[in-house]
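Each residue takes its place number in the sequence, starting with 1.
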Amino acid sequence: MSGQITVVGSSNVDFIMRVERLPKPGETVTNGKFAQVYGGKGANQATAAARAGGEVVFIASVGEDTYGKAMKKNLRGDGIETRTMQFQSGTSTGSALILIDGKGENSIAVAPGANDLLTLEHLEACSGVLRGSALIVLQREIPEPIIAFTLALAEESKVPTLLNYAPIKATETELCDKISILVVNEIEAAALSHLPVGNESEAKAAAIALRKFGIKTVIITLGASGSWVCAEDFEALIPAFPVKPLDTTAAGDTYCGAFAAAFVEGKSLPESVRFASAAAAISVTRLGAQPSIPTRAEIDAFLTKAQAE
Ligand code: RIB
C-alpha cells in the first residue's frame, strides 16, 4: 500500500518555557528558558508523517495573522500540501502555553482560536482529497462535528482512519465503529473504556473493551513500558526504546504521524508500531513540538543502532 495521508486537525503556536519544576497554584517560579515554536496536535502529526516519508495533505483552520501565514510556509517546507488550510479573518491562530519541568514532563493550556472555526463547508470542499486518501488522521483539537463528518465520509469511501483520542473531551463511543486505528495513552484509554489503565494487563483488558465498540485496531501507549497493541489477529506489548527525556511535548503526535507513514508504506502493524516508537523516542530527547520531530533518516539510523545493541 502507498498513497496520501490526510491529516485533519489543529495548528497552534506554542509558547514554551523550561523551568526546574512546575509552579503550584499562586506560586511564581523563575529562571525559566523561553522559546516560541510551531505546534498543535494536527500540525505536529502532519509534520511527523511527512518527515517520516509520507505524502501528506493538511486540512486545518488558522487565523489570517502573522502566525497563520508563517505556519503554512513552515509546513510547506516539510513538503506538506497546505492549499487545504482555511484562513479565518478576525480570529487569532490557535496557541498553547507549555511549561516543561526538569524531568521533561509538561503541562499545556490551549486557546483553540481559529481551530474551533474549521467549517463543515470547508471539509465538504475537501471531500475529494479525503476520499482519495490512503489514511485519514484525526485528533480532538477541532470541533466534534468535523470529526464525525470525516469519520462518516471515510467509512462511506472505505478509507481507513486513525484517531488519536487527545485531548480528552466527552467520552462518547458512538463513533468508535468508524475508527480503524485508535491511538491513546493510558489516561485517554481509561477515560474512553471506563476501565483503569495503569499496567500491561489493565491495558490488555481496556483494549479488548474498546475493540468491542467496533474499533478495529487499538494501540495504547504506556510511556517507557511500550505500546499495547490489539487487533483481530495480533495482540502484544511492543517495547519502547529507553531514552533520557528532555521534553515529552508532541511525543504522542510524533508517534501517530510516524505510524501513519509506516502503515501507509505497507509495514506490518508491529513494524509500524516499532517505527513510531523510535520516532517518539528521538522526539523526547529534543525541545519543543515540531523542532523535536525526526526525519526518516534519523528514525532509520536510530532503529539500526538499536538493533545492533
Ligand atoms: O501534543 C502537543 C501539542 O498539544 C502542542 O504542540 C500544543 O500545541 C498542543 O496542541
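Linking Ile, Leu, Val, Met, Phe, Trp and Tyr residues whenever their side-chain heavy atoms come within less than 4.5 Å leaves L135 and V57 in two separate clusters. Both L123 and L175 belong to a single network of hydrophobic side chains, linked directly or stepwise wherever heavy atoms of I, L, V, M, F, W or Y lie under 4.5 Å apart. Linking ILVMFWY side-chain heavy atoms closer than 4.5 Å, directly or via other members, places V137 and M71 in a single hydrophobic cluster. Neither V183 nor F275 shares a network with the other; the hydrophobic side chains, linked directly or stepwise wherever heavy atoms of I, L, V, M, F, W or Y lie under 4.5 Å apart, form separate groups for each. Under the 4.5 Å side-chain contact rule for hydrophobic residues, L162 and I293 do not share a cluster.
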Check step by step if side-chain hydrogen bond (donor to acceptor under 3.5 Å, both in side chains) holds for D65 and T93.
CA-CA 7 Å; D65 51 18; T93 293; 2.6 Å; yes
Should S61 and Q88 be marked as a side-chain hydrogen bond (donor to acceptor under 3.5 Å, both in side chains) after you check the CA-CA gap, both sets of side-chain angles, and the distance that decides it?
CA-CA 7 Å; S61 165; Q88 310 281 355; 3.1 Å; yes
Can you check side-chain contact (heavy atoms from CB on, under 4.5 Å) on I16 and I100, steps first, answer last?
CA-CA 7 Å; I16 64 178; I100 304 148; 4.2 Å; yes
Working note: R296 + D300, criterion salt bridge (charged side-chain N to carboxylate O under 4.0 Å, His left out); need CA distance, chi angles, decisive distance, verdict.
CA-CA 6 Å; R296 176 59 175 254; D300 285 344; 3.2 Å; yes
Step by step, work out the side-chain contact (heavy atoms from CB on, under 4.5 Å) result for V184 and I219.
CA-CA 6 Å; V184 278; I219 302 175; over 6 Å; no
For D247 and R18, run salt bridge (charged side-chain N to carboxylate O under 4.0 Å, His left out): C-alpha distance rounded to whole Å, both residues' side-chain angles, the deciding distance at 0.1 Å, then the answer.
CA-CA 9 Å; D247 174 14; R18 280 192 78 204; over 6 Å; no
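Atom NZ of residue K73 and atom CZ of residue R76 lie 12.0 Å apart, to the nearest 0.5 angstrom. C256 contributes atom SG, which lies 11.5 Å from atom CD1 of I5 (distance to the nearest 0.5 angstrom). With rounding to the nearest 0.5 Å, the separation of CD in E188 from OG in S193 is 11.5 Å. Between the OG1 atom of T150 and the CD1 atom of I142 there is a distance of 6.0 Å, given to the nearest 0.5 Å. To the nearest 0.5 Å, atom CD1 of residue I238 and atom OG of residue S225 are 14.0 Å apart. Between atom CD1 of residue I220 and atom CG of residue N185 there is a gap of 9.5 Å, rounded to the nearest 0.5 Å.
Ionic pairing of K305 and E309 is present here: one or more N-O contacts between side-chain nitrogen and carboxylate oxygen are shorter than 4.0 angstrom. Under 4.0 Å is where a charged nitrogen must lie from a carboxylate oxygen, and between R131 and E156 at least one such pair does. E27 has a carboxylate O that lies under 4.0 Å from a charged side-chain N of R21, or vice versa, which qualifies the two as a salt bridge. Ionic pairing of R83 and E81 is present here: one or more N-O contacts between side-chain nitrogen and carboxylate oxygen are shorter than 4.0 angstrom. Classification of K204 and E235 as a salt-bridged pair holds, one side-chain N sitting under 4.0 Å from a carboxylate O.
Between A289 and Y38, the shortest heavy-atom distance links the atoms CB-O, 3.6 Å. Between A250 and S283, the shortest heavy-atom contact is O-OG, 4.4 Å.
In this pair, F34 and F15 present their aromatic rings parallel. The plane angle is below 30°, not in the 30 to 60° band.
In this structure a side-chain-to-backbone donor-acceptor pair under 3.5 Å is present from T295 to E298. Not a single donor-acceptor pair under 3.5 Å links the side chain of S10 to the backbone N or O of E141. Looking only at distances, no side-chain donor or acceptor of D78 sits under 3.5 Å from a matching main-chain atom of I80. S133 contributes no side-chain N or O that, together with a main-chain N or O of I136, makes up a donor-acceptor pair within less than 3.5 Å. Between the side chain of T285 and the backbone N or O of K244 there is no donor-acceptor pair closer than 3.5 Å. Remark: the backbone N or O of E121 is not paired with any side-chain donor or acceptor of E124 at under 3.5 angstrom.
Heavy atoms from other residues, nucleotides or ligands lying under 6.0 Å from CD of E20 number 12 at most. Counted within 6.0 Å of CD1 on I208, heavy atoms from surrounding residues, nucleotides or ligands total more than 12; the atom is thus considered enclosed.
Here the rule is side chain to side chain donor-acceptor pair (under 3.5 Å) with N164, and of Q45, K41, Q139 only Q45 fits it. The side chain to side chain donor-acceptor pair (under 3.5 Å) with Q290 is formed by just one residue from the set D14, N44, T254; it is N44.
Using modelled atom types, one finds a donor on one side chain and an acceptor on the other under 3.5 Å when comparing N12 with N115. Side chain to side chain, S227 and Y255 meet the donor-acceptor criterion of an N or O pair below 3.5 Å.
A ring-ring contact (aromatic ring centres under 6.0 Å, His included) check over residues 285-309, counting only residues at least two apart or in different chains, returns the pairs F241-F302.
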